[in-house]
Protein chains: 2
Amino acid sequence: MALTLVNTAEDIGRSRYAVLAQALRQRILAGEWVPGVALPAEQALALENQVALGTMRRALQVLVDEGLIERIHGRGTFVRAGLSGASMLRFFRFGSEDRSVPRSAIVSAKAAVPPADVLRRLGRPPGQEVLQLLRVRSLDDAPCLLESIWLPLPEFTALQSGDSADWGDLLYPLYAQRCGVHVHRAVDSIGFGRLAAAQARRLGLPAGHPCAVVERSAFDIAGSCVEVRVTRGDANAFHYSVTLS
Amino acid sequence: MALTLVNTAEDIGRSRYAVLAQALRQRILAGEWVPGVALPAEQALALENQVALGTMRRALQVLVDEGLIERIHGRGTFVRAGLSGASMLRFFRFGSEDRSVPRSAIVSAKAAVPPADVLRRLGRPPGQEVLQLLRVRSLDDAPCLLESIWLPLPEFTALQSGDSADWGDLLYPLYAQRCGVHVHRAVDSIGFGRLAAAQARRLGLPAGHPCAVVERSAFDIAGSCVEVRVTRGDANAFHYSVTLS
DNA sequence: AAGTGGTCTAGACCACTCT
DNA sequence: GAGTGGTCTAGACCACTTG
């Protein structure tokens, strides 16, 4: 299928490569190309759209900068696979020096109606049930992070019935394999709080202990929110670095 | 002065525009061009270096991406001015809705020998004196942030004698005007702690109250550390957002 | 009107990957 | 060797800013 050669109202005044980038973006979001399979060569795309090579290259560069595609010299242009891991560990410095992946234990997995703000973030109507996971992550058998995770249904029904013992330590690859959901972008919102008694017990800390709270909204390539997650860990272990320029 | 046309050992295997970018970068760091005055036109630079216009444009784009220069359509290419404000307020949500600049009060300003790690970050030998500022920032007359600031000497001698009453609420413009120091990049390292009694008193909070601690190292365009700052504020007001993609 | 950066073209040639 | 993206050229024309 070739790009339709229309000049929509939004196109006027915009540069050629910006219009091309937008057209390509829409084809990617529509699923015309999937991760792992190469897009047509830049030559072919340029011909198809009757622009010079350099113009098409520039349009593709826009999508590279957006993180939508990646280009590999000699191999081709690919839609970027989802995030494999966006470890919460980057926010904490626990004793162990190695940056190993912490062990994961699913405490519970059941359908439930979450708080209203979680449903809003998931873009679901009030009162709807979603899949709720409770997870404890441990380093050297010491629990360090507590996670509440909400996943929309029916997208994640595949996780509802199965045995969580063989899920492994990383959820995002699991989402991709079992549910075909690829996390492409995530927003982490950091705050401060205190552990409720039940939470403290699981982490081996006293009730009311200060904790860092990371609220994550994860999105797929089309921009739909596919996961809401709240992670809590000892405030004393929290550490994060930002650069301004 | 024209660029010297030498092929250093580091240049082999590197693209033409990368070599050009490096050469321009060095001339900028050496102070050949300063903020506010335009660089030569891309045409002139291309001629001077005997490359095509597109190649020079690409080299300049590298420096734009690095945040070293900015290009303004119809006006020219400029070395970027320093950060005007890198407000600590972006880490906190205090009551007042408007994102106004908090009032600033200098509590003390004196030469002193700082902790060893501060001297190390400033790249100064152990035992050397630097200028130490203690500052309280307030919103609606309520103190909200406490700052310890260390500035290397003799670069900041101009601030040692003067009256701090007329310094205003933003320090970085002051550094630029009075000391000729332009902050170009800053690294903020975030953690949680508790307020010592003296600190708590200044913020109107109980001793031992949880606080967020932001440790900043600020650098000039050449990469020298020109300020170390430790900011403390109520942990309950801390809030920050990061996006992964 | 003159000077600046921004867009676009139509090529050539190079470097990398896969078969 | 064939196919991919990466670099580089030498132009033309456009859009924006300033005098």
Side-chain angles (χ1 to χ4, degrees), chain A residues 3 5 7 10-25 27-28 33-81, chain B residues 3 5 7 10-25 27-28 33-81:
Chain A
L3 284 178
L5 290 170
N7 284 326
E10 294 83 28
D11 291 347
I12 54 175
R14 298 171 66 208
S15 54
R16 195 85 192 245
Y17 71 82
V19 176
L20 283 170
Q22 173 59 17
L24 290 166
R25 192 182 296 113
R27 293 171 77 177
I28 289 169
W33 302 300
V34 296
V37 182
L39 268 65
E42 56 186 21
Q43 269 288 2
L45 287 171
L47 268 174
E48 180 185 351
N49 291 279
Q50 301 173 28
V51 294
L53 209 59
T55 305
M56 181 51 72
R57 284 184 64 75
R58 177 116 193 227
L60 289 164
Q61 190 56 45
V62 170
L63 302 188
V64 170
D65 294 341
E66 287 175 2
L68 216 55
I69 62 174
E70 58 187 339
R71 318 197 67 187
I72 305 177
H73 196 172
R75 301 221 308 125
T77 303
F78 303 86
V79 176
R80 270 188 54 182
Chain B
L3 282 179
L5 291 171
N7 284 326
E10 294 83 26
D11 290 348
I12 53 174
R14 298 170 67 209
S15 55
R16 197 86 188 255
Y17 71 81
V19 176
L20 284 170
Q22 173 60 17
L24 291 167
R25 192 181 297 113
R27 293 172 77 177
I28 290 169
W33 301 299
V34 295
V37 181
L39 268 65
E42 56 185 23
Q43 268 288 2
L45 287 170
L47 268 173
E48 180 185 352
N49 292 278
Q50 301 173 28
V51 294
L53 208 59
T55 305
M56 181 51 73
R57 283 184 64 74
R58 178 114 192 227
L60 289 165
Q61 190 56 45
V62 170
L63 302 188
V64 169
D65 294 341
E66 287 175 2
L68 217 54
I69 61 173
E70 58 186 339
R71 317 197 67 189
I72 306 178
H73 195 171
R75 302 222 308 123
T77 302
F78 304 85
V79 176
R80 270 187 53 180

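Naming: A, B, ... by sequence-line order, numbering from 1 per chain. What's counted below: heavy atoms across the whole structure, side chains too, no hydrogens, waters or symmetry copies. Owing to the predicted nature of the structure, the values given are computational and were not obtained by experimental measurement.
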Inset, instruction - Just compare D:dG5, D:dA15, C:dT9 and give me whichever is closest to any side-chain atom of A:His73. - result: D:dG5
Legend entry - Which residue lies more 5' along DNA chain D, comparing A:Arg71 with A:Gly74 via nearest heavy atoms: A:Gly74
Inset, instruction - Tell me, yes or no, whether the heavy-atom count around A:Glu70 atom CD, taken from other residues, nucleotides or ligands under 6.0 Å, exceeds 12. - result: yes
Inset, instruction - Any chance you could lay out the side chain to side chain contact (heavy atoms under 4.5 Å, CB included) test for B:Gln22 and B:Arg14, step after step, and finish with the verdict? - result: CA-CA 11 Å; B:Gln22 173 60 17; B:Arg14 298 170 67 209; 3.9 Å; yes
Legend entry - B:Ala52 side chain, from C-beta outward: closest of C:dT9, C:dG5, D:dT9: D:dT9
Legend entry - Donor + acceptor pair across side chains of B:Thr55, B:Arg16 (<3.5 Å): no
Legend entry - Protein-nucleotide distance (A:Ile69, atom CD1; D:dG5, atom P), rounded to Å: 10 Å
Legend entry - Atom-pair distance (CG on B:Leu47; P on D:dT9), nearest Å: 12 Å
Inset, instruction - Using a 4.0 Å heavy-atom cut-off across all strands, classify B:Ile72 as base, sugar-phosphate, or nothing. - result: sugar-phosphate
Inset, instruction - Using only side-chain N and O atoms of B:Thr77, determine if any of them is under 4.0 Å from OP1 or OP2 of C:dG5. - result: yes
Inset, instruction - Kindly point out which of C:dC8, C:dG5, D:dT18 is positioned nearest to the side chain of A:Ser15? - result: C:dC8
Legend entry - Close side-chain approach of A:Met56 and A:Glu48, heavy atoms under 4.5 Å: no
Inset, instruction - Taking only the side-chain heavy atoms of A:Ala41 (C-beta and beyond), determine which of D:dT4, C:dC18, C:dG5 contains the nearest atom. - result: D:dT4
Inset, instruction - Would you mind telling me which of D:dT9, C:dC16, C:dG5 lies closest to the side-chain atoms of B:Val51? - result: D:dT9
Inset, instruction - Figure out the CG/P separation between A:Leu45 and D:dT4, and round it to whole Å. - result: 11 Å
Legend entry - d(CD, A:Glu42; C1', D:dG5) in whole Å: 5 Å
Legend entry - For atom CZ of B:Phe78 and atom P of C:dT4, their distance in whole Å: 11 Å
Inset, instruction - May I ask you to evaluate whether A:Tyr17 reaches the phosphate of C:dT7, defined as a side-chain N or O under 4.0 Å from OP1 or OP2? - result: yes
Inset, instruction - Kindly say if B:Thr55 contacts the phosphate of D:dT9, meaning a side-chain N or O under 4.0 Å from OP1 or OP2. - result: yes
Legend entry - Under 4.0 angstrom between A:Arg75 side-chain N/O and C:dC18 OP1 or OP2: yes
Legend entry - Options C:dC8, D:dT4, D:dT18, nucleotide nearest the side-chain atoms of A:Arg16: C:dC8
Inset, instruction - Specify the separation, in whole Å, of atom CG of B:Leu39 and atom P of C:dG3. - result: 18 Å
Inset, instruction - Just do the side chain to side chain contact (heavy atoms under 4.5 Å, CB included) check on B:Arg25 and B:Leu63 with the steps written out, would you? - result: CA-CA 7 Å; B:Arg25 192 181 297 113; B:Leu63 302 188; 4.0 Å; yes
Inset, instruction - Please assess A:Val62 against A:Tyr17 for the test side chain to side chain contact (heavy atoms under 4.5 Å, CB included), listing each intermediate value before the final yes or no. - result: CA-CA 8 Å; A:Val62 170; A:Tyr17 71 82; 3.9 Å; yes
Inset, instruction - Starting from P on D:dG5, measure out to CG on A:Leu63 and report it in whole angstrom. - result: 14 Å
Legend entry - Separation of D:dC13 P from B:Leu53 CG (nearest whole Å): 15 Å
Legend entry - Options C:dC8, D:dT7, C:dT7, nucleotide nearest the side-chain atoms of A:Arg58: C:dT7
